[in-house]
There are 2 protein chains.
Amino acid sequence: MSTPTIYDVARAAGVATSTVSRAFSNPQRVSAPTRELVERVATELGYEPNPHARALTSRRTQTIAMVVSDITNPHFFEIIRGAELRAKASAHTLVLVNAEESPRIEREQVNRLSRSVDGFLLAASRLPEGDLAELAGTHAVVMVNRQVAEIPSVVLDQREGCRQLVTHLSSLGHTSLAYLCGPRESWMAGSRWAAIRDAAAESGVSAVRMGPFTPRVAHGAAAADAALTTGATALIAHNDLLAIGVLQRLAARSVRVPDDISVTGFDDIFAAELCTPSLTTLGGTHANVGRAAVELLLEAAAAPRRSPTAVQQLVLPSQLILRNSTGQARGRRGPA
Amino acid sequence: MSTPTIYDVARAAGVATSTVSRAFSNPQRVSAPTRELVERVATELGYEPNPHARALTSRRTQTIAMVVSDITNPHFFEIIRGAELRAKASAHTLVLVNAEESPRIEREQVNRLSRSVDGFLLAASRLPEGDLAELAGTHAVVMVNRQVAEIPSVVLDQREGCRQLVTHLSSLGHTSLAYLCGPRESWMAGSRWAAIRDAAAESGVSAVRMGPFTPRVAHGAAAADAALTTGATALIAHNDLLAIGVLQRLAARSVRVPDDISVTGFDDIFAAELCTPSLTTLGGTHANVGRAAVELLLEAAAAPRRSPTAVQQLVLPSQLILRNSTGQARGRRGPA
DNA sequence: TTCGGGACGGCAAGCAGTTGCCAAGGTGTT
DNA sequence: AACACCTTGGCAACTGCTTGCCGTCCCGAA
């Protein structure tokens, strides 16, 4: 009556339950004719394996959790999309959890799910490295937008991207940059600043760091005000949300962009193209980041614990998207 | 050695496993002293119940699935956020799945998960009513952005919202509206058109429906071109994405918005405020929609099947957000 | 013809909980 | 004092599937 089990299938097909089980989860262990028989009977009966019963003994759940540091950030949205698609392609289920920018919540969520998923995708994790190492010891873990020794990861190339960004600004005549820094716990924030600093030194321009700022539109005002005090002619915001907030504040203060000051962001979110002026930003194919991260995770989950294969730290190309928020430095305008 | 089970806890506490089990999942069935003893021993041992074992017999998974018709639409993002938050508050896990605008994929995904979740949130479901009724017969289901008889749902008030929208346009002197319709399978598209048609009749303005169009930015061009042939002076796009595409196309064709033509959208996505001109749109607190939907689902899942409580069809208020994409009808400009 | 070995299928013991049923003990009533 | 009844904890069957181990059977080689 209710949903059929392997027992029903086994009886109907005249084989043992173990054969039915193997036909599904280990097909090459069963001869082709038997397998086909089982499959046919199963579809006739409308049999679907019970994922919980399966997980109970096999400890494989076909589920992966994606922990996002802040689900309100549209940037992650693209990554989630890519991850969901890839997970589905491998018949895996994606569980979405929000860490709300809090290491404590992040840890809680991970603990809560630790029994029910095959592995974790940690996007922009705010967890300290010690916690991550511990977690990676017991679970398959892939970091997204953060690199940690000994843990596989996928990031967009910040070093090269920031170099391009700084070079772009420098070639427009800017000699003084300000980086409006993201949260203290953000690995990206540190990584970007280091890359910007180095690239600035290389290009012979000065760079200062302001912040940290919460990377949301609402905090752009504070960031803009702080940046204006530095006298920098080009502002590199930690992400597009912050940059958009900066643009809004600058407009409110009648500072013209890019005439008086140039502004850039990171991520190339959908809105970056639409805001006024449209935002020069360092983008990349975020959906690919999500996809690649799932692939790494599936590999890690399949491999025997701590397999000899090197830990993969994927660095996907980023791309500088030039739009209208960057221009010639003040005083370098017109046919120089 | 490995993770402790109720057996370990039971032995350490000197009680039966059933007592441990009850202490966790049915606390009032156990006397306070015993419960405290069990809890203390459990925390000492670091015991965590295994969700799969629990699900296997109890058939409760503490997990809900959210099926989204098109995960690339930022509008859903807000709903997902609200849902995730609410689910977490009740210690439930949110599984995210994408139906890719395909009824077939939607059905597949639902089937795949039917054993592993307590219920489904179907956002803008493209499934025919028959399928939905069947699904609702076996699972807890809550519709989001769609109403179906006998199934609980949460929607934003389209009827009143569309009336406000049409009134707004009519009061600006527009007498001829075009609705750029969403996908054929979209309940919202039908519902909006009906509301617009009625409101237009009431206000004595004409309204035509064009489309269907895929509600993405890229399809705005086709929609805009089609709309221009109608001579309508106000365009109501099925959602903000389409509206933004329309704006872009109109700009490319040197049609001024709102001077020559007014454009509105639905959803009030983040980008609606930032595009040029900023978009008049019918919004609402989408996060609340997600939250309310989860609440309804938790109720439905907790209630004994087909309980006598009436099926709740929640209609949350929508709100008209006036921005710069709507203005006086052509020829009605200046001090009339 | 015999024998080693691989392929295949079956047995049964888990996996980690839940829950219906029962019995013991305590309380209140008559 | 006897009896009914409620509370509490334990027993054990069950959930649905996986998997280590074993026994056949069949094939080719000696």
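Each chain gets a letter, A, B and so on, in the order its sequence line appears, and its residues count up from 1.
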Contacts of type salt bridge (Lys or Arg N to Asp or Glu O under 4.0 Å), residue [X], not counting sequence neighbours:
X	answer
A:Arg11	A:Asp8
B:Arg86	B:Glu295
B:Glu134	none
B:Arg112	none

field: Minimum heavy-atom distance between B:Pro27 and B:Arg35, given as atom pair plus value
entry: O-NE, 3.3 Å
- prompt: Base, sugar-phosphate, or nothing: which does A:Tyr7 touch, judged by heavy atoms less than 4.0 Å apart?
  reply: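 Base contact.
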Which whole-number value in Å describes the distance from [X] [atom1] to [N] [atom2]?
X	N	atom1	atom2	value
B:Ile6	D:dT15	CD1	P	17 Å
B:Arg11	C:dA16	CZ	C1'	13 Å
A:Glu36	C:dC8	CD	P	13 Å

- prompt: Counting only non-hydrogen atoms, which of residues 45-60 of chain B are less than 4.0 Å from DNA chain C?
  reply: B:Tyr47, B:Glu48, B:Pro49, B:Asn50, B:Ala53, B:Arg54, B:Thr57, B:Ser58, B:Arg60
task: Check DNA chain C against residues 112-120 of chain B and give the residues with a non-hydrogen atom under 4.0 Å, in numerical order.
output: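 Here the set is empty: none.
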task: Decide salt bridge (Lys or Arg N to Asp or Glu O under 4.0 Å) for B:Lys88 and B:Glu84; before the verdict, give the C-alpha distance in whole Å, the side-chain angles of both, and the deciding distance to 0.1 Å.
output: CA-CA 6 Å; B:Lys88 187 191 142 206; B:Glu84 200 279 340; over 6 Å; no
- request: Determine which pairs satisfy side chain to side chain donor-acceptor pair (under 3.5 Å) with at least one residue from residues 38-53 of chain B, sequence neighbours left out, and list them in order.
  value: A:His52-B:His52
query: How would you list all residue pairs meeting side chain to side chain donor-acceptor pair (under 3.5 Å) that involve residues 114-123 of chain A, not counting sequence neighbours?
result: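 Residue pairs passing side chain to side chain donor-acceptor pair (under 3.5 Å), neighbours aside: A:Thr61-A:Asp118.
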- request: Could you tell me which residues satisfy ring pair (Phe, Tyr, Trp, His ring centres under 6.0 Å) with A:Phe76, sequence neighbours excluded, listed by chain and number?
  value: none
- line: Residues passing the ring pair (Phe, Tyr, Trp, His ring centres under 6.0 Å) test with A:Phe120, sequence neighbours excluded, are A:His139
query: Between the two end axes of the helix from C:dT1-D:dA30 to C:dT30-D:dA1, each built from 5 base pairs, what angle do you get to the nearest 10°?
result: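 Answer for the end axes of this duplex: 40°.
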- prompt: Is the shortest side-chain N/O distance from A:Ser25 to OP1 or OP2 of D:dT18 below 4.0 Å?
  reply: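 It does, given that an N or O in the side chain of A:Ser25 lies less than 4.0 Å from OP1 or OP2 of D:dT18.
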Dump every N/O contact between nucleotides 8-10 of chain D and the protein below 3.5 Å, one line per pair.
{"unit_1": "D:dG9", "atom_1": "OP1", "unit_2": "B:Ser31", "atom_2": "OG", "d": "3.0"}
{"unit_1": "D:dG9", "atom_1": "OP1", "unit_2": "B:Thr34", "atom_2": "OG1", "d": "2.2"}
{"unit_1": "D:dG9", "atom_1": "OP2", "unit_2": "B:Ser31", "atom_2": "N", "d": "3.0"}
{"unit_1": "D:dG9", "atom_1": "N7", "unit_2": "B:Arg29", "atom_2": "NH1", "d": "3.1"}
{"unit_1": "D:dG9", "atom_1": "O6", "unit_2": "B:Arg29", "atom_2": "NH2", "d": "2.6"}
{"unit_1": "D:dG10", "atom_1": "OP2", "unit_2": "B:Ala16", "atom_2": "N", "d": "2.7"}
{"unit_1": "D:dG10", "atom_1": "OP2", "unit_2": "B:Thr19", "atom_2": "OG1", "d": "2.5"}
{"unit_1": "D:dG10", "atom_1": "N7", "unit_2": "B:Ser18", "atom_2": "OG", "d": "3.4"}
{"unit_1": "D:dG10", "atom_1": "O6", "unit_2": "B:Arg22", "atom_2": "NH1", "d": "3.4"}
{"unit_1": "D:dG10", "atom_1": "O6", "unit_2": "B:Arg22", "atom_2": "NH2", "d": "2.8"}

- request: Classify the ring geometry between A:His286 and A:His75 as parallel (under 30°), tilted (30 to 60°) or perpendicular (over 60°).
  value: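 Ring orientation, 0 to 90° scale: perpendicular.
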field: Distance-only side-chain donor-acceptor flag, B:Gln28 / B:Asn26, under 3.5 Å
entry: yes
- prompt: Less than 4.5 Å apart, any side-chain heavy atom of B:Arg126 and any of B:Ser186?
  reply: yes
